[in-house]
Amino acid sequence: RASAIRSLALQTAVSTDPIHTLSDADFILPDFDGGIALFDSQGNILAASEQAQPWATHIQEILPPDSFTSALNEAQFLPLDTPESANKELLLVVAHEDKGHLAVGAFSPEDLVRRALMDIVGSDEKSLAFVVGPDGQIIFQSGSLPLAEQGVNQHPGIADALRGESGAIY
């Protein structure tokens, strides 16, 4: 995702039509379920996908103040405050190029995990896999897991993983 956004920032800098630049990158839109937006060095929107409209108009309030004035060698990942009604958290990937153009994409980490694991885990009725956030919330689940009434954190496998004794931590 970072490479795609960085590439989009570079393309925006040499393009005379940012809307066309974003349109040419529509194949990466499924990876950014929160949308993609392109900005000039003052934070003005040059182009934005429909999904980006809710946050793109407030980008100057969302990003750190120096985001439009200092070039970044690497893409930054920043949390995006979303209303509870959105039912998902979003991360912003921000890439800046030397002339000040900024490309920003928003994606849901939960959707990323879900899509990545869906192909790996499969749908075998005997297999079971799940990803749990630090707050004990299940982010992804394949198969059915009978949970005790005490909640997901009390399940032995989850408790072990959260203590770092099993599973993998990302």
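- Side-chain atoms of Q60 come within 3.5 Å of backbone atoms of Q42 as a donor-acceptor pair (strictly under, hydrogens ignored).
- Checked by atom type and distance alone, the side chain of W55 pairs as donor or acceptor with a backbone atom of G34 at under 3.5 Å.
- Among all heavy-atom pairs drawn from L29 and S49, the shortest one is CD2-CB, 3.9 Å.
- Considering only heavy atoms from C-beta on, L46 comes within 4.5 Å of H101 through its side chain.
- Checked against V104 for a side chain to side chain contact (heavy atoms under 4.5 Å, CB included), the options L38, L92, I36 give a single hit: L92.
- With rounding to the nearest 0.5 Å, the separation of CG in L90 from CG in D33 is 6.0 Å.
- The structure places CG of D17 at 10.5 Å from OG1 of T12, a figure rounded to the nearest 0.5 Å.
- Among all heavy-atom pairs drawn from P54 and E50, the shortest one is CD-O, 4.0 Å.
- R6 and E97 make their closest contact through NH1-CA, 3.9 Å (heavy atoms, listed as atom of the first residue, atom of the second, distance).
- L22 and V14 fall into different hydrophobic clusters, defined by Ile, Leu, Val, Met, Phe, Trp and Tyr side-chain heavy atoms under 4.5 Å apart, directly or through other members.
- Residues A48 and A37 approach most closely at CB-CB, 3.9 Å, considering heavy atoms.
- Across every non-hydrogen atom of A9 and A95, the tightest pair is CB-O, 3.6 Å.
- In the hydrophobic clustering of this structure, F107 groups with I28; members are Ile, Leu, Val, Met, Phe, Trp, Tyr whose side-chain heavy atoms approach within less than 4.5 Å, directly or through other members.
- Listed here is the closest heavy atom pair of T21 and S15: OG1-OG, 2.7 Å.
- Using modelled atom types and a 3.5 Å distance limit, the side chains of Q11 and S7 yield a donor-acceptor pair.
- Residues L10 and V94 do not share a hydrophobic cluster, defined by chaining ILVMFWY side chains whose heavy atoms lie under 4.5 Å apart.
- Rounding to the nearest 0.5 Å places CG of L8 at 10.5 Å from CG of L102.
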